[in-house]
Protein chains: 2
Amino acid sequence: MSRMGSMELRQVRYFLALAEECHFGRAAARLHVAQPALSQQIKQLERELGTPLFHRSTRHVELTEAGRELTGYARTLLAEAERARVHMQELATGRAGRVSVGFIGTATYDVLPRVARTVRAQLPDITLELHGELLTPQLVDGLLSGGYDLAVFRSGTAAEGIDLTPLRTEKLVAVLPSHHPLAASAPLPLGALAGEPFVIHPAGPRSAMHDRILTACREAGFQPPSLVEVGETATLVVLVAAGHGVALVPESVQSLRLDGVTYVPLAEQETVDLVLGRRAPHSTAAAQQVAAVVEECVRE
Amino acid sequence: MSRMGSMELRQVRYFLALAEECHFGRAAARLHVAQPALSQQIKQLERELGTPLFHRSTRHVELTEAGRELTGYARTLLAEAERARVHMQELATGRAGRVSVGFIGTATYDVLPRVARTVRAQLPDITLELHGELLTPQLVDGLLSGGYDLAVFRSGTAAEGIDLTPLRTEKLVAVLPSHHPLAASAPLPLGALAGEPFVIHPAGPRSAMHDRILTACREAGFQPPSLVEVGETATLVVLVAAGHGVALVPESVQSLRLDGVTYVPLAEQETVDLVLGRRAPHSTAAAQQVAAVVEECVRE
DNA sequence: AGACATTCATAATGGCTCCTTATGAATACC
DNA sequence: GGTATTCATAAGGAGCCATTATGAATGTCT
């Protein structure tokens, strides 16, 4: 039983070279092989396809009809293989790919748009999936389950299997209704807000900000008399504008300008850290590139 | 220096099997190879492409993003290779291809349309190039130069490098203007046409009919007093209708019905042979198929 | 017409690739 | 924690593909 092989790309490459040169010697030279190698491979290809591809005499080499028809397929095959190779190389070097990035609420209005712009400019072949206004636990779960390749969130929630890179430390600022008596007094000692109702991110494992703010208040010697909990940072600011209370947010939220609210620096150095998380074991090359862009966007 | 190979179709086949099974053992079984062979080939493909294609643990095999992207290319490559293989096989067995057939004038109105119809019905993937109203020397040259794959013409012109197959022997019939006194007398002894002007195919090497007809006249004991030479058989009949003379044509020309002419059988058994010629050394498989159709069309 | 040069096919051999069996390590499951 | 499954690695053998050497055919030049 004569071991039946299938058509291989090497044979296609050989065939096309010979089809273009119509000369075994020159084609073989172009392929960097000796002439008999070419003769044998062409002969084998002809056996496999069941039809001669060239009329040959010692003085003349010419495509048969089948050979002419095959050149089209051959070119298609080699071009497709080359496209695949290039695309794979782009993915390997991270110049292309799909990267999903999640942002915590307070980074949505500041970091997210800058990342989107920079990636589009510097890594045009990367497709970004951006998700804003998320909560830290969602982001951590998403990283671990593969839903997100990268996540920007508040530090404190260390988890197994996630690489953390500190992005920046932000000062907290107070958010007051514009008509509030303290709206003009900067810097504002945190203690001045004692007795005010607070609008705050959700408690429990759902947000890192909640604990951070209550801790700051406790350190300033008071406890907010009432709390309104709200998930999205934008809604939080809107509630302050509507007079439902005051709030503490990272200074980057100041990008979110709204009529009726004033951001007031605190006298204290209360800070929260923003970190970039990526799946530790298998992080895509494209994700690494985008991670670099995120760090770059935050630094300046 | 690590011998750099290029991507091969075998690797693509292996990759796709594994991508679909997501299990080395099953995929290897499907490919009829042992599992380590598959592992090695996949690893080599990954080395060549510069990126992992699968996340693997001992308990889980899953495509990476690059792997997912590659499946598209892989399917395209294999499908194209398969299309090429099928098309080549069609060409090899003669079920597809392009065949150029030339017909001598007197076969144009009889054999040609039947061949066209039958090929279209029985060999739908064959593209026919049909040429009618040609002269024997043109056809022989065309066969030898490759301009025609097959030719239907009159016997007598044997040539080197052409396979001849007799198709049929046709009786000659007289063509007379309908008002001619002899138009009603059938069978007509050839000698009755003595003294009539003859419309005839061109002399010399350009047509086999010319000599055949003059020989017949000589055997009947006369020589036409005047000759009008005309290339196309249709024109010949038209000239007879116009009263320019009489003519002798193979009986198949009777398919060409024209007002003003009458075909009259001869008393003598004067015949001409119709043959099919094909290039002797390299005749396409498709041409063989068409040749069979031509013979079949003529026999009935 | 004959000698020559060119070119493709074939033969024989060697190296490399690929496949095989055997074995080890890791992970999920009981 | 033991066990079974599964993938990777190692080592060896078979086969494919390459090489060099040689022969046959054809076109060309003297």
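A, B, ... follow the sequence lines: proteins, then strands. Residue 1 opens every chain.
A:His55 places no side-chain N or O within donor-acceptor distance of the main-chain N or O of A:Glu62, the cut-off being under 3.5 Å.
In this entry the distance linking CG of A:Leu31 with C1' of D:dT19 reads 15 Å, nearest Å. If you measure from atom CG of B:Leu38 to atom C1' of D:dT6, you get 13 Å, rounded to the nearest angstrom. In this structure, A:Arg26 places its CZ atom 13 Å from P of C:dT6, rounding to the nearest Å. Remark: P of D:dC7 and CD1 of B:Ile42 are 12 Å apart, rounded to the nearest angstrom. Going from atom NE2 of B:His55 over to atom P of D:dA8 covers 14 Å, rounded to whole Å. The CD atom of B:Gln41 sits 14 Å away from the P atom of D:dT9 (whole-angstrom rounding). Nucleotide C:dA9 holds its C1' atom 14 Å from the CG atom of A:Leu18, rounded to whole Å. Remark: C1' of C:dC18 and CZ of B:Arg47 are 13 Å apart, rounded to the nearest angstrom.
Between B:Lys43 and the phosphate of D:dC7, there is no side-chain N or O to OP1/OP2 separation shorter than 4.0 Å. Regarding contacts with the backbone of C:dC18, a side-chain N or O of B:Arg10 is found under 4.0 angstrom from either OP1 or OP2. Residue A:Gln35 places none of its side-chain N or O atoms closer than 4.0 Å to OP1 or OP2 of C:dT7. The side chain of B:His23 contributes an N or O atom lying less than 4.0 Å from OP1 or OP2 of D:dT6. For A:Arg56 and C:dT7, the shortest distance from a side-chain N or O to OP1 or OP2 is not below 4.0 Å. Considering only side-chain N and O atoms, B:Ser39 lies under 4.0 angstrom from the phosphate OP1 or OP2 of D:dA8. The side chain of B:Gln40 places no N or O atom within less than 4.0 Å of a non-bridging phosphate oxygen (OP1 or OP2) of C:dC19.
Comparing A:Gln11 and A:Thr58, the nucleotide of DNA chain D nearest to each residue sits closer to the 5' end for A:Gln11.
At a threshold of 4.0 angstrom between heavy atoms, the contacts of A:Glu8 with the nucleic acid are absent.
Using a 3.5 Å distance cut-off with no hydrogens or angles, the side chains of A:Arg59 and A:Ser57 do not pair a donor with an acceptor.
At a cut-off of 3.5 angstrom, counting only N and O atoms as typed in the model, there is a donor on one side and an acceptor on the other between the side-chain of A:Arg59 and the base of C:dT6.
Relative ring orientation between A:Phe54 and A:Phe15 is described as tilted, the plane-to-plane angle lying within the 30° to 60° band.
Between A:His131 and A:Phe103, the distance separating the two ring centers is not shorter than 6.0 angstrom.
Side-chain atoms of B:Tyr14 lie closest to C:dC19 of the nucleotides C:dT27, D:dT26, C:dC19. Ranking C:dT21, D:dT26, D:dA18 by closeness to the B:Ala34 side chain, first place goes to C:dT21.
Screening A:Arg85, A:His87, A:Glu82 against B:Tyr73 for a side-chain hydrogen bond (donor to acceptor under 3.5 Å, both in side chains) leaves a single residue, A:His87.
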